[in-house]
2 protein chains.
Amino acid sequence: MPPRTKSNLTPSQPHLSPLSRFSLAEDATARIRRAIVSGELAVGAALPETGLAEQLAVSRVPIREALMAMEQEGLVEFDQRGRSRVRAFSEEDFEELFSMRCTLEVMAARLFAKRMTKADVETLEAMIDGQQATQNLTALSLLDVAFHERIIQAARHRPLAVCWKTIRSQIEYWLARAHRAQADRHLSSVDLTVPGHRRLLADLCRGSEAKAESAMRLEMATWREWLPA
Amino acid sequence: MPPRTKSNLTPSQPHLSPLSRFSLAEDATARIRRAIVSGELAVGAALPETGLAEQLAVSRVPIREALMAMEQEGLVEFDQRGRSRVRAFSEEDFEELFSMRCTLEVMAARLFAKRMTKADVETLEAMIDGQQATQNLTALSLLDVAFHERIIQAARHRPLAVCWKTIRSQIEYWLARAHRAQADRHLSSVDLTVPGHRRLLADLCRGSEAKAESAMRLEMATWREWLPA
DNA sequence: GGAGTGAAGACTGTATACAGTCGACGGAAA
DNA sequence: TTTCCGTCGACTGTATACAGTCTTCACTCC
């Protein structure tokens, strides 16, 4: 690295994206989310602020923020007294989650068909290639969700993105849960996911809202059937 | 009130709903929300935690919670440094809000057609009667939103209710804003709202999902046209 | 034995204290 | 005059302290 004097630090200095500083609250949120999605924290487990603060070696303040964020994501629920637990999902919860996802993703598909850019498509293609190269099931499910999220981002619709955030973690939870339940059966899931995504992307790119909608409905139905109850 | 001795306090004591204790954070949220919706807090105004805490005579902790909740509701936004401001809405924001509302309410209408109970319908009818009796424009707009929220509650779909909560306050904001802008023109809005709601409710009760959807789309279109940009 | 009672512990809600960052402003040097 | 630099003030992020509530459980009194 060349020696850098003050005079080298001009405003036009390129390629130095600002340091991203995560707060302790954000870190705690990510850590707790991962613990719930992975099953490390069992369903119904109590989440006392003091205990979590001790484990994560921070004060209760960032933990409180994290728990409130996780409630918004639907992974944590509070009782009347303010105590939080890992949310227990019922069969009905899953059906509701699925129908909500369907509604939001169909809306996203129509918007995508109208608004997509070349860069969007290239990014998505690259993501599919990344899925192709994956053998790890957990990683594949995360990439799967990330792919759909990218479509929603490309829809460039702020309220839609906010709504999506309220169900995204729950979808990850269900996928991870399914994988844990029958890791063996799904070893071929790459062969299922990748062509499905390629076809979906191709249909979304035709520019027809109606075609985009039906393609997304097909993708949703596939996901629904694939996922055990 | 009859004198009450300890022996009268049996578990079967009726009609004493538990005291609802609002936390300072909830109170602060409601107060700040009202201030933004009513225009008391101007668009773009800084919302320093210290200042709000002083005004509301609480510490910064409940204020922080309130601001985070308001961000989720879309009325407050944070900059990179964590400072919050009253969100500024653009014309595009309004269009996005409207299309999101349309998607969610159509979904709710279909669910309502399937799941409504007699009690739901009676409640909604009573709400319409309440609107009929209103002359105050601000009160009417709140009742209008409450009516639609009641339909969504009757849809009994948890993720849908969560998504609705992310846009509800923004809708109230736009309605209040419209009323402030042209309070005179809308003195006849009762005559517009009440029959519209009656017709909507009647169509939702026919039990046909398709009819419910088209009725709700009509209601949304009416709202859209009625609301100035 | 059973119901009432009181003290202890666990936990949240709220307040206060502390630390670090960023921007504004003003003064000094080129 | 312009630029650089340092100080100050405002504000957030985090930690710690305090207060109040609910549960539990043993104990006492009937």
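Below, chain A is the first sequence line, B the second, and so on; all start at residue 1.
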Q: B/Leu52 has an atom CG; how far is it from atom P of D/dA10, in whole Å?
A: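 So the CG-P distance, B/Leu52 to D/dA10, works out to 16 Å.
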Q: Hey, is A/Arg158 close enough to B/Glu96 for a salt bridge, meaning N to O under 4.0 Å?
A: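 Salt bridge: no.
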Q: Looking only at side-chain N and O atoms, does A/Ser59 come under 4.0 Å of OP1 or OP2 in D/dA15?
A: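 Answer is yes, contact under 4.0 Å.
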Q: Please report the distance, rounded to the nearest Å, between CD in B/Glu65 and P in D/dG13.
A: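 Result: 14 Å.
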Q: A/Glu49 CD to D/dA15 C1': how many Å, rounded?
A: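 Value for this atom pair: 14 Å.
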Q: Looking only at side-chain atoms of B/Arg81, point me to the closest of C/dG23, D/dT12, C/dT12.
A: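 Closest nucleotide among those given: C/dG23.
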Q: For A/Arg83 and for A/Val61, find the nucleotide of DNA chain C with the closest heavy atom, then tell me which residue's nucleotide is more 5'.
A: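 On the 5' side of the pair lies A/Arg83.
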Q: Roughly, in whole Å, what's the span from CZ in A/Phe78 to C1' in C/dG13?
A: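 Atom-to-atom, A/Phe78 to C/dG13, this comes out as 12 Å.
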Q: Nearest 0.5 Å, what's the CG-CD distance between B/Asp144 and B/Glu172?
A: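 Reported value, rounded in 0.5 Å steps: 10.0 Å.
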Q: Tell me: CZ of B/Arg85 to C1' of D/dT12, nearest whole Å?
A: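 It is 15 Å, rounded to the nearest whole Å.
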Q: Measure the distance from CD on A/Gln80 to P on D/dC22 and round it to the nearest whole Å.
A: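 My rounded result for the distance is 10 Å.
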Q: Is there a side chain to side chain donor-acceptor pair (under 3.5 Å) between A/Asp120 and A/Thr117 once you walk through the steps?
A: CA-CA 5 Å; A/Asp120 291 330; A/Thr117 67; 3.1 Å; yes
Q: Could you tell me the separation between the CG atom of B/Leu67 and the P atom of D/dT12, rounded to a whole number of Å?
A: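 Rounding to the nearest Å, CG of B/Leu67 and P of D/dT12 are 8 Å apart.
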Q: Have a look at A/Ser23 and say if it touches a base, only the backbone sugar-phosphate, or nothing, with a 4.0 Å heavy-atom cut-off.
A: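 If one applies the 4.0 Å heavy-atom cut-off, A/Ser23 turns out to touch the sugar-phosphate alone, with no base involved.
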Q: Atom CE of B/Met68 to atom C1' of D/dG13: distance rounded to whole Å?
A: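 Rounded to whole Å, this separation is 11 Å.
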Q: For the residue pair A/His197 and A/His148, categorise the inter-ring angle as parallel (less than 30°), tilted (30 to 60°) or perpendicular (more than 60°).
A: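 Perpendicular.
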Q: Does a side-chain N or O from B/Arg60 land closer than 4.0 Å to OP1 or OP2 of C/dA15, or not?
A: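 Answer is no, no contact under 4.0 Å.
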